[in-house]
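First the structure, in the form of structure tokens, and then the observations on it.
Values in this document were obtained by computation on a predicted structure and should not be read as measured data. Each chain gets a letter, A, B and so on, in the order its sequence line appears, and its residues count up from 1.
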There are 2 protein chains.
Amino acid sequence: MFSKACEYGIRAATYIASQSLEGRRVSLKEIAEEIDSPVAFTAKILQQLSRNKIVASSKGAYGGFEIEKSNIERIKLGQIVHAIDGDKVYVGCGLGLKKCNANKPCPVHDRFVAIRDDLKNMLEATSLREMTMGLEVGTTYLKR
Amino acid sequence: MFSKACEYGIRAATYIASQSLEGRRVSLKEIAEEIDSPVAFTAKILQQLSRNKIVASSKGAYGGFEIEKSNIERIKLGQIVHAIDGDKVYVGCGLGLKKCNANKPCPVHDRFVAIRDDLKNMLEATSLREMTMGLEVGTTYLKR
DNA sequence: GTGTACTAGGACAAATTTGTCCGATTTATG
DNA sequence: CATAAATCGGACAAATTTGTCCTAGTACAC
């Protein structure tokens, strides 16, 4: 569904959000440990999220990553996906046709659009805050 | 959503089905032209579909690919996807966790399962016959 | 200022997916 | 039997994605 990069990105952002809610700024190393991802690769992804203003980074000792509280409410899953995978989740034909649309549809156009719209709606409706909810109480996980 | 191989596979199978319904056996070359796919790569994919009994191939002069009429009704999109991409559409966590399940879910587990079930249902409900319907009357397309 | 703990970013490497090439084999036809 | 038209299958090549390594730069603490 998503690229590995995107999966790591969502997990990383979710972890950062959960810690930011407790007032903790977290390092790359800690993030990679907590979401069980390759450190250097995760660094690249966090750079992207940082450039896209999804996470804030600070260099130097006691530096790390954090997300402003107001942003934790505001940022939706869809923004993270878009920052990493671009719009390919939203655009693009299920059968790979370049010019598939309602006028010249592929044989599964309508059925795909329906499912993709559901996905899109879910991504746009789910905030980082919601992602963190279960983590705090231990009913959801980011590893393994 | 699907791999390129799978996209080509669905398009190829759909084209073969549409021609088989008219009693025509079609060659690899013709298939690749009609679905606008790389010839040699399409050959590999058709081999897979052949091994999985989704299409029937005959070698030699006047050989080619075809699908039995009764199979056109019976074969569902899901079988084609499974033959090429395996079960990764059905199994597997949206965030890439190996052991994500209802007991130890990732933060988006439920929302993903809902969407994936829709996709699964669609794939299992759509037959090759249905895929060919619009092609005959020119309301759906397999190229571009 | 120096050391230490960080992120930034470029270059590189490995793995996977996508795609090509070519010889072997099969089958119909003359 | 010879030829032509086709699939089969293995080896290879290119492109993309995933992942590593190393250097530079930044900020805090002493």
- Message: Give the residues of residues 23-36 of chain A touching DNA chain C, defined as any heavy atom closer than 4.0 Å, sorted by residue number.
- Response: A:Ser27, A:Leu28
- Query: Do B:Ser127 and B:Ile72 pass the side chain to side chain contact (heavy atoms under 4.5 Å, CB included) test, and can you show the C-alpha distance, the side-chain angles, and the key distance before you say yes or no?
  - Reply: CA-CA 7 Å; B:Ser127 69; B:Ile72 295 176; over 6 Å; no
- Query: Side-chain N or O of A:Gln47 less than 4.0 angstrom from OP1 or OP2 on C:dA8?
  - Reply: no
- Task: Find out if a path of hydrophobic residues (ILVMFWY) with successive side-chain heavy-atom gaps under 4.5 Å connects A:Ile84 to B:Leu95.
- Result: yes
- Task: Inspect the surroundings of NZ in B:Lys104 and state if more than 12 heavy atoms from other residues, nucleotides or ligands are less than 6.0 Å away.
- Result: no
- Aromatic ring centroids of B:Tyr15 and B:Tyr8 under 6.0 Å? no
- Query: Is the closest basic N to carboxylate O distance between A:Arg74 and A:Glu130 below 4.0 Å?
  - Reply: no
- At under 4.0 Å between heavy atoms, which parts of nucleotides 17-30 of chain C does protein reach? Answer with one letter per nucleotide, 5' to 3': B base, S sugar-phosphate only, - none. -SBB-----BBS--
- Taking only side-chain nitrogens and oxygens of A:Arg51, does any of them come within less than 4.0 Å of OP1 or OP2 of C:dG9? yes
- Query: If Ile, Leu, Val, Met, Phe, Trp and Tyr residues are connected whenever their side-chain heavy atoms lie under 4.5 Å apart, and connections chain through other members, are B:Met122 and B:Met131 in the same group?
  - Reply: yes
- Item | Same apolar cluster: B:Leu97 and A:Ile80, side chain cutoff 4.5 Å | no
- Query: If Ile, Leu, Val, Met, Phe, Trp and Tyr residues are connected whenever their side-chain heavy atoms lie under 4.5 Å apart, and connections chain through other members, are A:Val89 and A:Leu128 in the same group?
  - Reply: yes
